[in-house]
Amino acid sequence: MKKYNLAILAASTLLFVVGCDTDYINDPDSPASAPSSQVFSNAQFDLAFELNDQWVAGRGTLQISQYWNSADYTDESRYALRTSMVDDMWEEPYRILSDLKKVIDLNTDSESAPLMLQYGSNSDQISIARILMAYTFSKLVDTFGDVPYWSYGQIDNPDFQALRLEEGVASPGYTDAATIYEDMLSELAEAANTIDASGTTMPTGDNIYGGDNAKWIKFAHSLRLRLASHILDVNPTLANAVFAQSDASAFTSNDDNALFMFGTTDIVGGPWHDAFTVSARRDFGPSLSFTDLLYNRVGPFTGAGMEDPRIESFFDKYVSPAPESIVADEVYGIPYGFGNSVARAVTNEGVPDAEIIKPDFSQPILTYAEIEFIRSEFNGWDQATYESGVTASMMYWGIDAAAITAYVATLPAASEETVLTQQYIGLYMDGLEAWNLYRRTGFPNTLTVPYDTFGDATFTTLVPGLDAIPSRVTYPQNEQLLNRTNWDAARSALTDGDAMTSKIFWDVD
């Protein structure tokens, strides 16, 4: 996998550590306020780690999208999500958003703003925080639907009540998800337009782009394309307008990829190092539906002349314990959704690749490959960007150039099914976006669904009334307890109430 050597400082990633030679405080041991670069660094780390850890992703989105499966505890693969998981899916994004709003506050307050200039212009810091806020809010909306929302561009909007605890708003109302989408698209455009493309902002606090403002502008436009693709079926006029506005300014190569590289120690290593090495977890493996797709046993590439070479960059084969140390002849997946007895009968399942488990894994935030597949869709399943997307994904995962050329030559022509299935493969390690793709389009059509059978077992969910892959996650219980009136209003706006069967507004497939 291609890596980007961006600056990452362990202490600055986790703690607001202030050096003794700083000039923005009078007493280096008692800072008047945290430096904006450190707040921003903390937000980035949490975004990359907490939204992709063994709970939110390992037992949540990576399983719902059927990249991964549980080897031992299979309730989540039948959609019985733990209360703590749902809490994290809600609370962690809002904690990240609070940090990003703090960056904005530090750069707008008359006392602190002059002190923050050493990390970049106040305007650029605000704009980059706005961009990452839109990304984070999109995670909330795509998981739950209507949520409490806040926007710098509409800072006085009385209906945008999130992140306003200091103003006395302890029980924020929920904003309509479609309205949030429209504002996020506006926020991204305005933020991109106000950044100095030649400038550098928070280089020691930006572990995604190293302070490169031009890269953040590309990221904003690329995120607009992702959000536009989500609403293409429900609001094609807006979606096509956004595509026309942002396509030329979006990612043009893998060099533009938004990646967060974790540190090399246990303290600041990535979530999968923490799960598999620090916590010694061994209860995750690939889903059989995914390995079958990669081996061309199912799906639109079954007639291709070769298996997908990415499979051994995604997973390592099972290796038996010493002294035999027998290596499995392929990556074996675990049948998805059939309960403990079926899952535990697989004793030689693969594991996530060593590159993923290493401490300094680079978590994909948004990639050029995804943008190429989106371009293909907006351009009527264009062949060139389809092939470019596959090539970019394989290059990202370190596949040899000759193998890439050989594989691309075997691909069937671009179509809705082939492009979207390749987009799904290319989204590996971004479980939520892969789930978004399935909900929006119905592809890939190779996922295991309720009432499928495996031998004598039948895929039955553990959630009453749910007979399909979930359409959303239910709101956390604390919202029912602490924000009951607004939760009642939000659930009444859902087609089936606060249930996993209620659809996000863009899910019209």
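This is a predicted model, so every value here is computed, not measured.
Of the possible donor and acceptor atoms, none in the side chain of T501 sits under 3.5 Å from a partner among the backbone N and O of L466. Counting only distance, with no hydrogens or angles, the side chain of Q125 and the backbone of G120 share a donor-acceptor pair below 3.5 Å. A side-chain donor-acceptor contact under 3.5 Å links S320 to the backbone of I326. Listed for the N52 side chain is a donor-acceptor partner under 3.5 Å among the backbone atoms of A48. The backbone N or O of V390 lies less than 3.5 Å from no partner atom in the side chain of S393, so there is not a single donor-acceptor pair. In this structure, D247 contributes its side chain and A244 its backbone to no donor-acceptor pair below 3.5 Å. N257 places a side-chain N or O within donor-acceptor distance of the main-chain N or O of Y368, the cut-off being under 3.5 Å. The main-chain N or O of A191 is found under 3.5 Å from a side-chain atom of T194 such that the two form a donor-acceptor pair. Judged purely by atom type and a 3.5 angstrom limit, Q363 uses its side chain to pair as donor or acceptor with the backbone of M429. Between the side chain of W435 and the backbone N or O of I469 there is no donor-acceptor pair closer than 3.5 Å.
Side-chain atoms of D360 and T264 form no donor-acceptor pair, as typed in the model, at a separation below 3.5 Å. Between the side chains of S415 and T418, at least one donor N or O sits under 3.5 Å from an acceptor N or O. In this model, no donor atom of one side chain and acceptor atom of the other lie less than 3.5 Å apart for E355 and S313. R375 and T385 share no side-chain donor-acceptor pair at under 3.5 Å. Side-chain contact, E190 with N193: no donor N or O sits under 3.5 Å from an acceptor N or O.
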Next on the checklist: Between R59 and D72, is the salt bridge (charged side-chain N to carboxylate O under 4.0 Å, His left out) condition met? List the steps.
Outcome noted: CA-CA 11 Å; R59 292 172 175 80; D72 292 304; over 6 Å; no
Checklist entry - Are E50 and K139 close enough, and set up right, to give a salt bridge (charged side-chain N to carboxylate O under 4.0 Å, His left out), and what steps lead you there? => result CA-CA 12 Å; E50 302 295 350; K139 295 290 186 181; over 6 Å; no
Item to check | ring-ring contact (aromatic ring centres under 6.0 Å, His included) between W216 and F219, intermediate numbers included | outcome: CA-CA 5 Å; W216 279 106; F219 177 82; 5.5 Å; yes
Item to check | Verdict with reasoning, F243 to N379, per side chain to side chain contact (heavy atoms under 4.5 Å, CB included) | outcome: CA-CA 10 Å; F243 182 81; N379 287 297; 3.7 Å; yes
Checklist entry - Going through the checks in order, is the ring-ring contact (aromatic ring centres under 6.0 Å, His included) test met by Y428 and F315? => result CA-CA 11 Å; Y428 180 61; F315 302 104; 5.5 Å; yes
Item to check | side chain to side chain contact (heavy atoms under 4.5 Å, CB included) between V86 and F144, worked out | outcome: CA-CA 10 Å; V86 177; F144 297 99; 4.2 Å; yes
Next on the checklist: Run the side chain to side chain contact (heavy atoms under 4.5 Å, CB included) test on Q54 and F276 for me, step by step, so that the C-alpha distance in whole Å, both residues' side-chain angles and the decisive distance to 0.1 Å come before the verdict.
Outcome noted: CA-CA 9 Å; Q54 63 176 298; F276 283 88; over 6 Å; no
Checklist entry - What's the verdict on salt bridge (charged side-chain N to carboxylate O under 4.0 Å, His left out) for D353 and R310, showing C-alpha distance, side-chain angles and the deciding distance? => result CA-CA 11 Å; D353 186 77; R310 284 169 291 190; over 6 Å; no
Item to check | From CA spacing to verdict: salt bridge (charged side-chain N to carboxylate O under 4.0 Å, His left out), D206, K215 | outcome: CA-CA 11 Å; D206 178 9; K215 296 290 189 184; over 6 Å; no
Item to check | Evaluation steps, side chain to side chain contact (heavy atoms under 4.5 Å, CB included), between F260 and F45 | outcome: CA-CA 8 Å; F260 184 95; F45 182 91; 3.9 Å; yes
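Among all heavy-atom pairs drawn from T446 and S289, the shortest one is O-CB, 3.7 Å. The two residues P364 and L259 come nearest to each other via the heavy atoms CA-CD2, 3.7 Å. In plain terms, the two heavy atoms of I504 and G145 that are nearest each other are CD1-N, 3.4 Å. Considering every non-hydrogen atom in both G210 and T200, the closest pair reads O-CG2, 4.4 Å. Of all non-hydrogen atoms in L223 and I131, the two that sit nearest each other are CD2-O, 4.2 Å. Shown here for A414 and Y386, the closest heavy-atom pair between the two residues is CB-CD2, 3.4 Å.
Within 6.0 Å of OH in Y332 there are more than 12 heavy atoms belonging to other residues, nucleotides or ligands. Taking a 6.0 Å sphere around CG of D329, one finds it holds more than 12 heavy atoms contributed by other residues, nucleotides or ligands.
Note that OG1 of T136 and CD1 of I96 are 5.5 Å apart. Values are rounded to the nearest 0.5 Å. In this structure, CE in M133 is found 12.0 Å from CE in M184, a value given to the nearest 0.5 Å. For the atom pair D256 CG and K218 NZ, the distance stands at 3.5 Å (nearest 0.5 Å). To the nearest 0.5 angstrom, L293 atom CG is 9.5 Å from N445 atom CG. Atom-to-atom distance recorded for Q44:CD and M202:CE is 7.5 Å, nearest 0.5 angstrom. Separating the CG atom in N240 from the CG atom in N235 is a distance of 9.5 Å, to the nearest 0.5 Å.
You'll find the side chain of E387 stays beyond 4.5 Å of the side chain of Q422, heavy atoms only. Side-chain contact check for E433 versus E370: some heavy-atom pair is nearer than 4.5 Å. For the pair F262/P271, a side-chain contact is recorded, criterion being any heavy-atom separation below 4.5 Å from C-beta on. For the pair D142/Y181, a side-chain contact is recorded, criterion being any heavy-atom separation below 4.5 Å from C-beta on. The closest side-chain heavy-atom distance from F251 to T367 is not below 4.5 Å. The closest side-chain heavy-atom distance from W90 to V473 is not below 4.5 Å. Looking only at side-chain heavy atoms (C-beta outward), D124 and Y119 stay at 4.5 Å or farther from each other. Taking the side chain as every heavy atom from C-beta outward, D88 and M85 never approach each other to under 4.5 Å.
Ring orientation note: the planes of Y79 and Y336 are tilted relative to one another, at an angle of 30° to 60°.
Checking W68, F290, Y67 one by one against F314, the side-chain contact (heavy atoms from CB on, under 4.5 Å) holds for a single residue, F290.
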